[in-house]
Asks: 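Pasting in a structure now, in structure tokens, and then I'll have a few things to ask.
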Amino acid sequence: MTAVTPTQSDTRPIILIVDDAPANVQILSLMFQRLYKIKVATSGTKCIEIANTPPQPNLILLDVLMPEMDGFETCKRLKMDNATSDIPIIFVTGLHEAHDEEQGLKLGAADYIRKPVREAVALARINTHITLHQQRKRLEELALHDQLTGLYNRHYLLEVAQQKVASAIRHNNELSLLMVDVDHFKQINDTHGHQTGDIVLSQLGDFLSNQHRKEDLISVRFGGEEFVILLENCNLEQARKRAEKLRSDIESMKPADLSITASIGVAALSEGETNFQSLLGRADKAVYKAKDNGRNCVILADDYSEEQSVPLLEKH
Amino acid sequence: MTKIENSVWDQATLSKRIYGNRVLLETLLRSFLNDKEGNIASLKSALEKEDYTQIRMTAHTIKGVASQLYSYRLQHVSEEIEQLSKQAKNNNIALIAELLPKFELEMNTLAEAFEAFLHSQKKTEKNNNDQSMTDSSLKQLLGEIEAKLIESEYIPPDSINILQKTHQSDELLHTLLTHLVEQINLFDNDAASATLKEINQHISIGKSA
């Protein structure tokens with residue numbers, strides 16, 4: 001995910017102006033600085049560097065004819081890189097021929113403004129594209145987050161988890177997964193009402209998101225009262241310890257003044273295991289075992305190799 | 001061609017367009033003057049080498065700058081050269097070479113007009129030249145500039161213009177501050193950061209002495 005929020009003290013959207021002629025940059029900056037925070041690059045290379053540095057620009061105004069790397073090439077590279085591909089680009093150029101404009105738009109630019117720039121028209125177009133970009137970001141946020149807890153949702157997990165598995169295999173890193181299921185949650189809803197149930201889940205969500213260092217962990221509300229925590233650079237034993245600590249923390253947290261407990265299944269990516277669904281499935285089975293085991297406990301998943309040796313029919 | 005389109009530069013429209021921001025106006029004119037010789041040399045050498053890409057690039061840049069400065073005559077001749085350079089035919093080099101004296105004339109005429117304007121501004125400014133900053137406000141401004149340079153953030157010319165008018169009794173500091181302003185206005189951030197470092201060193205030495 002790319003950061004779109006500018007610095008705390010200055011919340012104006014950021015425009016990156018890219019032009020090799022200082023006079024052009026000065027005039028464009030003066031036009032837009034009242035409404036936007038302005039960053040400046042005088043080459044394509046510098047533009048790419050700034051676009052990759054947080055806080056990222058919300059929009060790039062890009063000149064076409066520049067020495068070394070021209071605007072078309074710069075645009076192409078920005079669009080090819082996942083980290084910068086969704087930043088809207090408007091070409092601002094003295095090239096007035098239709099095929100230049102066509103080329104720019106084909107490369108993925110949002111718009112094309114001709115020099116000399118007329119302020120009112122440029123501002124209207126910039127504003128449109130920044131608004132669209134912000135709305136798209138917001139929709140992405142909504143699509144990938146759980147509304148109640150603010151954690152990522154199942155859709156997000158399924159989107160990124162396979163990449164995490166592939167990356168762990170490629171770099172020979174450990175990857176573990178905890179599946180956390182609140183015990184007797186239906187009873188909480190039935191006895192205290194859904195609103196209380198929501199408070200329990202929401203507080204548990206807050207707890208999970210504050211609990212861990214973000215860079216090696218992704219917390220997800222996977223289903224109704226089910227949470228998944230993906231732990232990067234973490235082996236089975238470390239994951240078990242974290243799960244045990246989490247189980248004990250949940251037992252003492254008392255959301256909505258209720259005593260709750262959770263059953264946790266733990267699985268680590270094993271040799272030869274290349275599919276996220278397999279890892280998830282093993283953790284899920286471990287949760288069932290924890291439930292059978294009297295709940296409020298941590299159970300390690302069966303080995304991947306054992307799973308493989310069980311005939312398919314017996315798994316169900 | 002209308003009267004305005006035939007003028008060397010339309011100062012009134014440019015001033016209006018930049019909201020009468022005199023510091024920016026002067027910055028733009030100085031930027032043109034700084035680049036003038038290099039641009040002429042670049043066009044001449046590209047012409048000698050029959051390098052159509054370089055001719056096109058230089059002519060396009062000057063056309064762009066001239067149009068931003070409402071300098072119509074230079075804009076037109078640059079545009080003519082740019083158009084000719086788009087098609088790499090043999091006789092086009094000759095046609096571009098024929099336009100070169102006109103191009104140089106327009107560059108020089110515009111430069112003279114800009115210099116005359118800057119000179120007249122200097123005269124009116126003389127009586128109002130005692131803007132000085134305290135050491136602490138200088139340091140604060142330099143700190144803000146440093147942060148903005150790191151972030152590649154735009155620094156408006158009128159926010160740093162005062163640096164050229166303060167601490168004039170310290171000749172070296174004054175020269176460094178003037179360089180800093182010029183480098184920032186031309187977006188040469190690497191040079192500006194190096195100058196800023198020198199200024200900070202100079203200030204700290206001055207303090208300890």
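Every value quoted in this text rests on a predicted model; they were computed, and no experiment measured them. A note on names: the letters A, B, ... follow the listed sequences, proteins ahead of strands, and every chain is numbered from 1.
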Asks: So, for B:F187 and A:V25, which heavy atoms are closest and what is the spacing to 0.1 Å?
Replies: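 Smallest heavy-atom distance, with atoms named: CZ-CG1, 3.3 Å.
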Asks: Please enumerate all residues that pass salt bridge (Lys or Arg N to Asp or Glu O under 4.0 Å) together with A:D146, with sequence neighbours excluded.
Replies: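 Checked A:D146 against salt bridge (Lys or Arg N to Asp or Glu O under 4.0 Å); matches are A:R221.
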Asks: In terms of heavy-atom pairs under 4.5 Å with chain A, which of B:G64, B:P157, B:S67 leads?
Replies: B:P157
Asks: Which region of B:N185, side chain (C-beta onward) or backbone (N, CA, C, O), has a non-hydrogen atom less than 4.5 Å from a non-hydrogen atom of chain A, or is it both or neither?
Replies: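 For B:N185, the contact with chain A is made by backbone and side chain together.
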Asks: Heavy-atom distances under 4.5 Å only: say whether A:E49 touches chain B with side chain, backbone, both or neither.
Replies: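 Contact with chain B involves no heavy atom of A:E49 at all.
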Asks: Going by residue number, which parts of residues 60-76 of chain A are within reach of chain B, meaning a heavy-atom gap below 4.5 Å?
Replies: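 The list, in residue order, reads A:L65, A:M66, A:P67.
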Asks: To the nearest 0.5 angstrom, please state how far the CD atom of B:E151 sits from the CD1 atom of A:I14.
Replies: 8.0 Å
Asks: Identify, with sequence neighbours excluded, every residue that meets side-chain hydrogen bond (donor to acceptor under 3.5 Å, both in side chains) alongside B:T195.
Replies: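 Only B:Q183 meet the side-chain hydrogen bond (donor to acceptor under 3.5 Å, both in side chains) criterion with B:T195.
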Asks: Given that the side chain runs from C-beta out, which part of A:S29 has a heavy atom under 4.5 Å from chain B: side chain, backbone, both or neither?
Replies: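 Both backbone and side chain of A:S29 come within 4.5 Å of chain B.
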Asks: Counting a contact as any heavy-atom pair under 4.5 Å apart, which residues of residues 38-61 of chain B contact chain A?
Replies: B:R56, B:M57, B:H60, B:T61
Asks: How close do A:P22 and B:S31 get, heavy atom to heavy atom, and via which atoms?
Replies: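 Looking at all heavy atoms of both residues, the shortest contact is CB-OG, 4.1 Å.
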Asks: Could you look at B:E82 and say if it's the side chain, the backbone, both or neither that has a heavy atom under 4.5 Å from chain A?
Replies: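 Just its side chain gets close to chain A.
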Asks: A:Q33 versus chain B, heavy atoms under 4.5 Å apart: side chain, backbone, both or neither?
Replies: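 Just the side chain, heavy atoms under 4.5 Å.
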Asks: Can you tell me how far OG1 of A:T42 sits from CG of B:L186, rounded to the nearest 0.5 angstrom?
Replies: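 It comes to 10.0 Å.
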Asks: Is it the backbone or the side chain of B:Q75 that comes under 4.5 Å from a heavy atom of chain A, or both, or neither?
Replies: neither
Asks: Between the main-chain N or O of B:L28 and the side-chain N or O of A:Q26, is there a donor-acceptor pair closer than 3.5 Å?
Replies: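 A pair under 3.5 Å: no.
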